[in-house]
Amino acid sequence: MRWTHALMPAVALLGACTQAPRTPHSAFPLYADRPDDRQCLAKLGTTRASFTPLPDRYFKEGCTQLNTVRLSSLRSDDGSLGVSNLASVGCPLANTFAAWARFGVDRAARQILGSELVRIETMGSYSCRNVAGSDRLSAHASARAIDVSGFVLADGRRITVLGGWTQGTAAEREFLRVIHTSACRRFGTVLGPNYNADHANHLHLESSSSAFCR
Ligand SMILES: [Zn+2]
């Protein structure tokens, strides 16, 4: 596929690392052509998520977008799940996120809150930045983490991490803890309000080989 201008604005909107991406090594963008990557995209297709594969990109400071997708929507048992504010997401992370959204979040919303999930609100995924207070690149710098901030239900309720974790109704607090626990079973690293004040308003969900759940 050729680089298209249709893809350019999405890249330009991707958070802090918008300055001067390196010139691609060839005149053509580098789409995933590795077997594992193709397999990952095929698997994401079977979840019936709506997504667009994005070309591989290399940025300054070592930030990368490799085998990423622009995720437009996911599927629940009965319908489509919207996702807000997500641009570039690594394919393995997108697969884990799709499964968590359907089997972890939507089903918990039905059981605990009595209404199905229609949208997951996020604070984004890719961002070229270091882990706060360190000189180590964040998983966000390679599109391997999503910050989830809230959930919209079919009955119109909106439950946010910031508003619901300690101040929500008993059911909302239970819902947020249940989906936090289910995230810990699926993602390598999960950081929420119990971790530190930086995470008071979101759950950091990261593809990693570790098992860190706070
Ligand atoms: Zn994060």
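Numbers here are sequence positions counted from 1.
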Name every donor-acceptor pair, under 3.5 Å, that has one atom in a side chain of residues 41-50 and the other anywhere in the protein, sequence neighbours excluded.
residue	atom	partner	partner atom	Å
Thr46	OG1	Lys43	O	2.5
Thr47	OG1	Leu44	O	2.6
Thr47	OG1	Ala49	N	3.2

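- To the nearest 0.5 Å, atom CZ of residue Phe97 and atom CG of residue Asn95 are 12.0 Å apart.
- Panel note: side chain Ser80, backbone Ser76; no donor-acceptor pair is recorded below 3.5 Å.
- Contacts classified as disulfide (SG to SG under 2.5 Å) and involving residues 80-114 (residues at least two apart or in different chains) are given here: Cys40-Cys91.
- Across all non-hydrogen atoms, the minimal contact from Leu81 to Ala101 is CD1-CB, 3.8 Å.
- Between the side chains of Trp165 and Asn194, at least one donor N or O sits under 3.5 Å from an acceptor N or O.
- Hydrophobic cluster membership of Val131, counting Ile, Leu, Val, Met, Phe, Trp and Tyr whose side-chain heavy atoms lie under 4.5 Å apart directly or via other members: none, as it forms a cluster of its own.
- You'll find the side chain of Ser84 reaches within 4.5 Å of the side chain of Arg119, heavy atoms only.
- For Asp198, the side chain to side chain contact (heavy atoms under 4.5 Å, CB included) partners are Ala132, Asn196, not counting sequence neighbours.
- Screening residues 170-184 for side chain to side chain donor-acceptor pair (under 3.5 Å), with sequence neighbours left out, gives Trp100-Ser182.
- Ring orientation note: the planes of Tyr195 and His199 are nearly perpendicular, at an angle over 60° on the 30°/60° scale.
- Among all heavy-atom pairs drawn from Phe175 and Ile159, the shortest one is CD2-CG2, 4.4 Å.
- The CG atom of Leu93 lies 7.5 Å from the CG atom of Leu205; values are rounded to the nearest 0.5 Å.
- Using a 4.5 Å heavy-atom threshold, the side chains of Cys63 and Leu137 count as touching.
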Identify each donor-acceptor pair in which a side-chain atom of residues 140-153 lies under 3.5 Å from a protein atom, sequence neighbours left out, and give them as a table.
residue	atom	partner	partner atom	Å
His140	ND1	Ser125	O	2.6
His140	ND1	Ala145	O	3.2
His140	NE2	Arg129	NH2	3.3
His140	NE2	Asp147	OD1	3.2
His140	NE2	Asp147	OD2	3.3
His140	NE2	His204	ND1	3.2
Ser142	OG	Ala139	O	3.4
Ser142	OG	Arg144	NE	2.8
Ser142	OG	Arg144	NH2	3.4
Arg144	NH1	Ser207	O	3.1
Asp147	OD1	His204	ND1	3.3
Ser149	OG	Glu121	O	3.3

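- Listed by chain and number, the residues in a side chain to side chain contact (heavy atoms under 4.5 Å, CB included) with Ala171 are Ile112, Leu113, Thr169 (sequence neighbours excluded).
- A salt bridge does not link Asp36 to Arg34: none of the charged side-chain nitrogens sits closer than 4.0 Å to a carboxylate oxygen.
- In this structure, the separation between CG on Asn85 and CE on Met123 is 9.0 Å, given to the nearest 0.5 Å.
- Considering only residues two or more places apart in sequence or on other chains, Arg214 meets the salt bridge (charged side-chain N to carboxylate O under 4.0 Å, His left out) condition with none of them.
- For the disulfide (SG to SG under 2.5 Å) condition, the pairs that include at least one residue of residues 157-191, sequence neighbours left out, are Cys184-Cys213.
- The minimum heavy-atom distance linking Pro53 with Val69 is given by the pair CA-CG1, 4.1 Å.
- Cluster annotation: Phe187 is not connected to Leu191 through the hydrophobic network of ILVMFWY side chains, with a link wherever side-chain heavy atoms come within less than 4.5 Å.
- Evaluation of the side chain to side chain contact (heavy atoms under 4.5 Å, CB included) rule for Ser210 yields Thr189, Ser208, Phe212 as partners, not counting sequence neighbours.
- For the pair Leu176 and Ile179, the tightest heavy-atom approach, listed with the atom from each and the gap, is O-CG1, 3.3 Å.
- Put simply, OH on Tyr126 and CZ on Arg70 are 15.0 Å apart, with the number rounded to the nearest 0.5 Å.
- Across all non-hydrogen atoms, the minimal contact from Val89 to Ala94 is CG1-N, 3.8 Å.
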Would you mind writing out the side-chain donor-acceptor pairs for residues 103-111 within the sub-3.5 Å range, not counting sequence neighbours?
residue	atom	partner	partner atom	Å
Asp106	OD1	Arg110	NE	3.4
Asp106	OD1	Leu117	N	2.9
Asp106	OD2	Arg110	NE	2.9
Asp106	OD2	Arg110	NH2	3.2
Arg107	NE	Asp77	OD2	2.9
Arg107	NH2	Asp77	OD1	3.0
Arg107	NH2	Asp77	OD2	3.2
Arg110	NH1	Asp78	OD2	3.1
Arg110	NH2	Asp78	OD2	3.1

Original post:
Does the side chain to side chain contact (heavy atoms under 4.5 Å, CB included) test come out yes or no for Leu203 and Val161, once each step is laid out?
Top reply: CA-CA 7 Å; Leu203 303 179; Val161 175; 4.2 Å; yes
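- Distance CG/Leu54 to CG/Asn67: 9.5 Å, rounded to 0.5 Å.
- Remark: Gln65 CD to Ser88 OG distance equals 3.5 Å, nearest 0.5 Å.
- Evaluation of the side chain to side chain contact (heavy atoms under 4.5 Å, CB included) rule for Ala154 yields Ser115, Glu116, Val118 as partners, not counting sequence neighbours.
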